[in-house]
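A quick write-up on the structure given underneath.
Predicted model only: the values in this text are computed from it and were never measured.
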Amino acid sequence: MQIKNLMSEDLITVDKDQNLTDALKLLRKHNVSRLPVTNNKELVGIISERDIANKLGSSKYESMPASRLHISSVMVKDVITVPQTMQLGDVAKIMLDKGIGSVPVMDEEKMVGIVSKADFVTLATGIAFDKITVKEIMSKDLIVVSPTERIVHARRQMIESHVGRLPVVEDEKLLGMITSKDLMRAFIEFRKSVPEKYQKSQIKDLLVEDIMSSNPTFVSRDMTITEVSEIIMETGFNGLPVVDDGKVIGIITQTDILRLIEKLES
């Protein structure tokens with residue numbers, strides 16, 4: 001299958017000279033996690049919730065409101081693109097090799113769509129995926145945080161581990177999840193509510209339990225990939241913790257499913 005048959009043609013873009021507040025409004029309105037960035041309708045970058053969380057949480061920009069940051073200072077400039085005629089297995093491999101969540105799709109020099117890991121998950125249902133269980137593809141090298149750790153620590157864990165979500169665990173039991181989106185929203189709200197002169201000291205008082213999602217959806221090790229994919233499509237979650245006998249034993253993400261699809265396609 002060519003990638004043009006899977007991509008989303010409903011392109012939502014943001015101009016590089018707009019400010020971060022504009023991007024945040026678009027992300028929220030359209031319930032997407034990343035936006036292609038344009039300049040005179042030409043693709044010049046891409047910006048994601050993770051990019052925003054990383055930037056807003058850095059010491060260099062810790063007191064700067066989102067309205068003063070331009071898209072061009074936050075976006076990823078070296079955008080990887082694919083032609084619309086490329087086979088989906090080859091696109092999946094590029095996304096996995098480069099560690100990216102989406103790629104703009106081009107028809108010569110024109111952007112005609114975008115494909116994300118979430119689009120690939122829609123393919124992971126049916127007979128072939130009914131025969132594969134969570135325990136076969138889940139990530140067992142689990143990176144977790146405790147509810148009483150600071151959100152600046154959670155942010156650092158995500159950056160160093162190249163992940164967008166962390167289970168919140170205490171005594172091996174799952175209490176919640178914290179994501180790049182949670183961090184992004186927390187940093188923005190913090191800037192709005194705390195006077196600039198107090199931000200540097202008070203940011204350390206924000207804890208994971210203050211912003212995490214409680215009672216998170218989880219899956220069991222014996223569920224099929226079809227079942228997991230349907231949950232991901234229904235909830236919009238990028239990843240789900242795997243719980244066995246009350247303990248967190250792993251996590252299954254869109255990346256794990258993408259890796260499975262790439263393997264099957266090749």
Query raised in the report: In the single-linkage hydrophobic clustering (I, L, V, M, F, W, Y; side-chain heavy atoms under 4.5 Å), do Val103 and Leu96 co-cluster?
Result: yes

Query raised in the report: Under 4.5 Å between any side-chain heavy atoms of Ile71 and Val74, yes or no?
Result: no

Query raised in the report: Between Asp97 and Ile94, is there a donor-acceptor pair closer than 3.5 Å when you use the side chain of the first and the backbone of the second?
Result: no

Query raised in the report: Are Met95 and Thr255 side-chain neighbours, meaning at least one heavy-atom pair lies under 4.5 Å?
Result: no

Query raised in the report: Can you find a pair of side-chain heavy atoms, one from His30 and one from Asp10, that are under 4.5 Å apart?
Result: no

Requested in this report: Spell out, as yes or no, whether a donor-acceptor pair under 3.5 Å connects the side chain of Glu160 to the backbone of Gln157.
Outcome: no

Query raised in the report: Do Ile252 and Ile137 have side-chain heavy atoms sitting under 4.5 Å apart?
Result: yes

Report summary line: Closest non-hydrogen atoms of Ala154 and Val208, given as atom of the first, atom of the second and distance, are CB-CG2, 4.1 Å

Query - Polar side-chain atom of Ser201 near backbone of Tyr198 as donor-acceptor pair, under 3.5 Å - result: yes

Query raised in the report: Measuring from Thr224:OG1 to Glu227:CD, what's the distance to the nearest 0.5 Å?
Result: 3.5 Å

Requested in this report: Without swapping roles, check the side chain of Ser73 against the backbone of Leu69 for a donor-acceptor pair under 3.5 Å.
Outcome: no

Report summary line: Between Pro147 and Leu207, the two heavy atoms sitting closest are O-CB, 4.0 Å

Query raised in the report: Any Lys/Arg nitrogen of Asp256 or Arg259 sitting under 4.0 Å from an Asp/Glu carboxylate oxygen of the other?
Result: yes

**Report entry** Residue pair Leu240 / Val219: nearest heavy atoms and the distance that separates them
**Finding:** CD1-CG1, 3.7 Å

Report summary line: Here the salt bridge (charged side-chain N to carboxylate O under 4.0 Å, His left out) pairs for residues 135-155, sequence neighbours left out, are Lys135-Asp222

Query raised in the report: So do the side chains of Arg221 and Thr133 get within less than 4.5 Å of each other, counting heavy atoms only?
Result: no

Requested in this report: State whether the number of non-hydrogen atoms from other residues, nucleotides or ligands found under 6.0 Å of Asn31 atom CG is greater than 12.
Outcome: no

Query raised in the report: Just how far is it from atom CD of Glu262 to atom NZ of Lys93, taken to the nearest 0.5 Å?
Result: 6.5 Å

Requested in this report: Compare every heavy atom of Glu265 with every heavy atom of Gly89, then report the nearest pair and how far apart it is.
Outcome: CA-CB, 3.9 Å

Query raised in the report: Rounded to the nearest 0.5 Å, how far does CE of Met7 lie from CD of Gln84?
Result: 5.5 Å

Query raised in the report: Would you say the side chain of Met138 lies within less than 4.5 Å of the side chain of Ile249, judging by non-hydrogen atoms?
Result: yes

Query raised in the report: If only atom types and distance count, is the side chain of Thr226 paired as donor or acceptor with the main-chain N or O of Gly126 below 3.5 Å?
Result: yes

Report task. Check the hydrophobic clustering (I, L, V, M, F, W, Y; side-chain heavy atoms under 4.5 Å; chains of links allowed) and say if Val228 and Leu258 are grouped together. Result -> yes

Just list the side-chain donor-acceptor pairs under 3.5 Å for residues 162-179, sequence neighbours left out, or say none.
from, atom 1, to, atom 2, distance (Å)
Glu172, OE1, Lys247, NZ, 3.2
Thr179, OG1, Lys181, N, 3.3
Thr179, OG1, Asp182, N, 3.2
Thr179, OG1, Asp182, OD2, 3.1

Requested in this report: Work out which heavy atom in Asn5 is nearest to a heavy atom in Met1; give both atom names and the distance.
Outcome: CB-CG, 3.8 Å

Query raised in the report: Are the side chains of Phe237 and Thr253 in touch, meaning some heavy atoms are under 4.5 Å apart?
Result: no

Requested in this report: Working to the nearest 0.5 Å, report the span between CG of Asp130 and CD1 of Ile127.
Outcome: 7.5 Å

Query raised in the report: Ile46: which other cluster members, linking ILVMFWY side chains closer than 4.5 Å, directly or transitively?
Result: Leu11, Leu43, Val76, Val79, Met106, Met111, Ile114

Query - Donor-acceptor contact present, side-chain Gln199 to main-chain Val194, <3.5 Å - result: yes

Report summary line: Rounding to 0.5 Å, atoms CG (Leu20) and CD1 (Ile188) come to a distance of 6.5 Å

Query raised in the report: Would you say Glu42 has more than 12 foreign heavy atoms packed within less than 6.0 Å of its CD?
Result: no

**Report entry** Met233 vs Thr125 side-chain heavy atoms within contact, under 4.5 Å
**Finding:** yes

Requested in this report: Verify, without hydrogens or angle tests, whether Asn54 (side chain) and Asp51 (backbone) share a donor-acceptor contact under 3.5 angstrom.
Outcome: no

Query raised in the report: Ignoring hydrogens and geometry, is there a side-chain-to-backbone donor-acceptor pair from Asn19 to Asp22 under 3.5 Å?
Result: yes

Query raised in the report: Among the clusters formed by ILVMFWY side chains lying less than 4.5 Å apart, do Ile80 and Leu6 turn up in the same one?
Result: yes

Query raised in the report: From Lys29 NZ over to Leu24 CG, what is the distance, rounded to the nearest 0.5 angstrom?
Result: 14.5 Å

